[in-house]
Amino acid sequence: MAWYRRRRRDLPWRRTSDPYAIWVSEIMLQQTRVVAAIPYYERFLARLPDVATLARARIDTVLALWAGLGYYRRARFLHAAAKIVLREGFPKDAAGLRKLPGIGEYTSAAIASIAFGEPVAVVDGNVERLIARLYAAPHLNKREVGARAQKWLDESEPGDFNQAMMEMGATVCTPRSPSCGTCPLAKHCAGRANPEQYPAPKERAPLIDVAVAVGLTVREGRVFLRRRASTELNSGLWDLPASTGRGKTLGAISHGVLNQRLRVTIHAARPRGEGRWFTAAQLSSAPLATSARKCLLATGFLPQRGRGSVSA
DNA sequence: AACTCGGGGGA
DNA sequence: TCCCCAGAGTT
């Protein structure tokens with residue numbers, strides 16, 4: 001705790017005690033690095049400053065604010081949960097938070113400890129690694145990590161304790177080349193001699209190549225897009241429609257996603273099915289699928305500007 | 001417990 | 001290219 005008070009990063013969600021803002025930050029931080037989430041967090045809260053505004057916003061607005069951050073299901077869960085909160089009130093503890101869509105074991109504990117001071121330890125990737133090394137235990141499951149973290153929890157300041165654990169994992173007890181020389185726990189750490197062995201590496205799924213063909217139609221400066229259905233992946237995002245692949249090839253992109261590598265070929269096509277025409281300017285504020293954005297950059301429909309181009 | 005999410009970015 | 005990130009939901 002002394003180390004944390006000295007070394008904590010000045011992060012935007014550490015400047016508020018608003019449970020809504022902390023909630024938004026925790027959803028954005030799921031499987032997402034702190035530095036990646038910061039600009040999205042700032043923009044999201046500026047546009048949707050409270051839970052009622054979020055609940056009443058259109059899903060397109062929410063998805064557009066999320067575009068580029070990945071794991072878009074999080075945005076839909078957050079929006080759905082905001083509607084529930086507007087109707088039923090903000091949950092008062094971790095158990096109540098846990099019932100909301102998009103909030104699991106980690107996130108319920110994080111919000112409850114940080115916003116409400118509830119003495120419950122979080123287990124994220126940082127805490128797993130820190131505990132595994134501290135005990136030189138390569139194969140602990142989440143429940144076992146949680147029990148050990150809970151034992152150390154400072155119940156007078158559980159939010160700061162949890163953030164201290166994660167901050168340690170993110171800045172000192174890092175996956176590769178940890179800074180054991182400056183670690184305040186080094187002399188208590190059983191894994192100090194060989195930190196890279198903890199936790200044991202997980203076996204990875206083999207990389208799969210997937211061929212995808214999409215159709216591109218441009219007329220009078222507008223491109224034809226379809227909205228992905230609620231039953232599909234990336235539902236709600238605008239995407240290029242599928243193609244038979246028989247039209248003239250206009251380009252190709254590679255789009256890595258988890259254990260897949262999508263090889264997307266872009267073909268000239270006629271507009272088919274439901275869809276909408278977008279100008280390049282309209283796309284800057286539309287929830288566009290990342291692979292579609294790459295295709296539109298590759299074919300020159302969108303200008304090649306600095307990635308992200310997070311315009312309000 | 002394993003798998004998916006057709007993510008994203010640092011090293 | 002590899003690794004893993006303040007994970008959650010589904011099967």
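Small disclaimer: the values here were computed from a predicted structure and weren't measured.
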For [X], answer base if it contacts any base atom (sugar-phosphate contacts may also be present), sugar-phosphate if it contacts only those atoms, and nothing otherwise; contact means non-hydrogen atoms under 4.0 Å.
{"X": "A:W13", "result": "base"}
{"X": "A:P201", "result": "nothing"}
{"X": "A:R129", "result": "sugar-phosphate"}
{"X": "A:G68", "result": "sugar-phosphate"}
{"X": "A:R263", "result": "nothing"}
{"X": "A:S291", "result": "base"}
{"X": "A:I103", "result": "sugar-phosphate"}
{"X": "A:L11", "result": "base"}

* So what's the dot-bracket for DNA chain B: Watson-Crick or G-U pairs under 3.5 Å, [ ] if a pair crosses, | if it pairs off-strand? -> |||||.|||||
* Pairwise P distance for B:dT4 and C:dA6, with rounding to whole Å -> 24 Å
* Which whole number of Å gives the distance between the P atom of B:dG6 and that of C:dC4? -> 22 Å
Is the shortest side-chain N/O distance from [X] to OP1 or OP2 of [N] below 4.0 Å?
{"X": "A:N234", "N": "B:dG7", "value": "yes"}
{"X": "A:Y72", "N": "B:dG8", "value": "yes"}
{"X": "A:T32", "N": "B:dG9", "value": "no"}

* From CZ (A:F44) to CD1 (A:I27), nearest 0.5 Å -> 10.0 Å
* Roughly how far apart are A:R263 CZ and A:T265 OG1, rounded to 0.5 Å? -> 11.5 Å
* Structure fact -> Bounded by its outermost nucleotides with an atom under 4.0 Å from a heavy atom of chain A, the footprint on DNA chain C reads C:dT1 to C:dG9
* Structure fact -> Only residue of A:M165, A:R148, A:M166 satisfying side chain to side chain contact (heavy atoms under 4.5 Å, CB included) with A:L130 is A:M165
* **Minimum-distance nucleotide (side-chain atoms of A:D239 versus B:dC5, B:dG8, B:dG6)** => B:dG6
* Determine, stepwise, if the pair A:W3 / A:E167 fulfils side-chain contact (heavy atoms from CB on, under 4.5 Å). => CA-CA 10 Å; A:W3 172 88; A:E167 194 87 342; 3.7 Å; yes
* **Flag side-chain contact, heavy atom, 4.5 Å: A:V172 against A:P178** => no
